[in-house]
K.L.:
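This is the structure I want to talk about, given as structure tokens.
Since the model is a prediction, treat every value here as computed from it, not as a measurement. Side chains included, hydrogens not; waters and symmetry mates left out as well; all remaining heavy atoms used. Both ligands and their constituent atoms are indexed starting at 1 by order of listing.
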Amino acid sequence: MSKPVVGIIMGSQSDLRVMKEAAEFLDEMGVGYELTIVSAHRTPLRMVEYATNARKRGIKAIVAGAGGAAHLPGMVASLTSLPVIGVPVKSSNSIDGWDSVLSILQMPSGVPVATVALDGARNAGILAAQIIGSSDKEVGKKLDKFKQSLQRKVESAAKNIESKGWQSAL
Ligand code: RP5
């Protein structure tokens, strides 16, 4: 596997069922990443250590996921100038998911977190790959192909519906 340039972190192992989707997309694009657990509340010093050393280790973007009172993405963003992508996770301690969405989304001016949808770890992986792909030609080419594949899928579904009728698409 290539050198990690994306850091994927999550508040608990219980977030992995969601966060693995970011890792899977980076695998598809051949982007090197590291993945671990860093809890803002249970391991605050580990979080400080992780966020303050990430750039020195060659990390260029961080994907951080957490549920409930989701402070990890915002606190990591406060500790580093690397771009941080936040994934609100609907977890065992979530009320309904809005709690983590708002905890990650409503950051104060000066400390942005690029927040994806609830459980949107795949989009977080895509965004991280796009950050890497903005300066890495190979990754950029793979992302262009990925976007084209999305387009082809929709076009072929539309063609099918138009020619065979919507009933055939159910
Ligand atoms: C958050 O609390 C974690 O990110 C996780 O989503 C949630 C529940 O954690 P566990 O109690 O399952 O470890 O900090």
Side-chain angles (χ1 to χ4, degrees), residues 1-134 136 139 142-143 146 150:
M1 192 164 148
S2 42
K3 186 178 170 301
V5 286
V6 175
I8 302 176
I9 53 174
M10 62 209 77
S12 166
Q13 187 169 323
S14 63
D15 299 320
L16 188 58
R17 72 189 161 78
V18 169
M19 296 303 291
K20 72 177 172 52
E21 291 184 24
E24 283 164 353
F25 186 79
L26 294 175
D27 278 334
E28 282 173 41
M29 294 297 118
V31 175
Y33 63 87
E34 57 183 28
L35 184 152
T36 191
I37 301 165
V38 178
S39 168
H41 302 123
R42 293 167 177 156
T43 63
L45 298 181
R46 177 173 163 79
M47 174 191 65
V48 172
E49 211 263 334
Y50 186 91
T52 52
N53 288 320
R55 185 189 288 278
K56 282 180 230 155
R57 288 186 295 102
I59 297 299
K60 294 183 172 155
I62 295 175
V63 174
H71 293 127
L72 180 68
M75 286 309 295
V76 167
S78 76
L79 291 159
T80 177
S81 53
L82 291 174
V84 176
I85 303 162
V87 184
V89 175
K90 189 164 180 197
S91 61
S92 54
N93 66 329
S94 289
I95 297 172
D96 55 7
W98 273 112
D99 39 6
S100 25
V101 169
L102 297 176
S103 302
I104 298 176
L105 187 68
Q106 289 301 110
M107 288 297 290
S109 175
V111 192
V113 171
T115 309
V116 296
L118 186 66
D119 288 347
R122 184 167 165 87
N123 264 2
I126 294 170
L127 195 49
Q130 287 176 332
I131 290 169
I132 302 305
S134 66
D136 181 317
V139 174
K142 284 184 190 159
L143 285 163
F146 165 70
L150 294 181

K.L.:
Enter the distance from I8:CD1 to I62:CD1 here, rounded to the nearest 0.5 Å.
P.N.:
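That separation rounds to 11.5 Å.
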K.L.:
Find the distance between OG (S78) and NE2 (H71) and round it off to the nearest 0.5 Å.
P.N.:
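It is 11.5 Å, given to the nearest 0.5 Å.
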K.L.:
For atom 3 (C) of ligand 1, grab the closest protein heavy atom and report residue, atom and distance to one decimal in Å.
P.N.:
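Here the closest protein heavy atom is D15 OD2, 3.4 Å.
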K.L.:
Please list the nearest protein heavy atom to atom 8 (C) of ligand 1 with its residue and the distance rounded to 0.1 Å.
P.N.:
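That would be N93 OD1, 3.5 Å.
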K.L.:
Considering non-hydrogen atoms of the protein only, which is the closest contact for atom 1 (C) of ligand 1, and what is the distance?
P.N.:
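Atom 1 (C) of ligand 1 sits closest to the protein heavy atom G67 O, 3.5 Å.
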K.L.:
More than 12 heavy atoms of other residues, nucleotides or ligands under 6.0 Å from CG of L150: yes or no?
P.N.:
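Enclosed.
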K.L.:
Considering heavy atoms of the protein only, find what lies nearest to atom 11 (O) of ligand 1 and give residue, atom and distance to 0.1 Å.
P.N.:
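For this ligand atom, the closest protein heavy atom is R42 NH2, 3.2 Å.
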K.L.:
Would you compute the distance between atom NZ of K56 and atom OG1 of T80 and round it to the nearest 0.5 angstrom?
P.N.:
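That separation rounds to 10.0 Å.
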K.L.:
Which value, rounded to the nearest 0.5 Å, describes the distance between I59 atom CD1 and Y50 atom OH?
P.N.:
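The OH atom of Y50 is 5.0 Å from CD1 of I59, to the nearest 0.5 Å.
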K.L.:
Nearest protein heavy atom to atom 10 (P) of ligand 1, by residue and atom, and its distance?
P.N.:
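It is S12 OG, 3.5 Å.
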K.L.:
Give me the residue, atom name and distance of the protein heavy atom closest to atom 12 (O) of ligand 1.
P.N.:
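Answer, as residue, atom name and distance: S14 OG, 2.7 Å.
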K.L.:
For A66, take its heavy atoms, then give the atoms of ligand 1 lying under 4.0 Å from any of them.
P.N.:
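In order of number, 4 (O).
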K.L.:
Taking non-hydrogen atoms only, is S91 closer than 4.0 angstrom to ligand 1 via side chain, backbone, both or neither?
P.N.:
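It is the side chain that touches ligand 1; the backbone stays farther off.
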K.L.:
Rounded to the nearest 0.5 Å, how far apart are CG of N53 and CG of L79?
P.N.:
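One finds 11.0 Å between CG of N53 and CG of L79.
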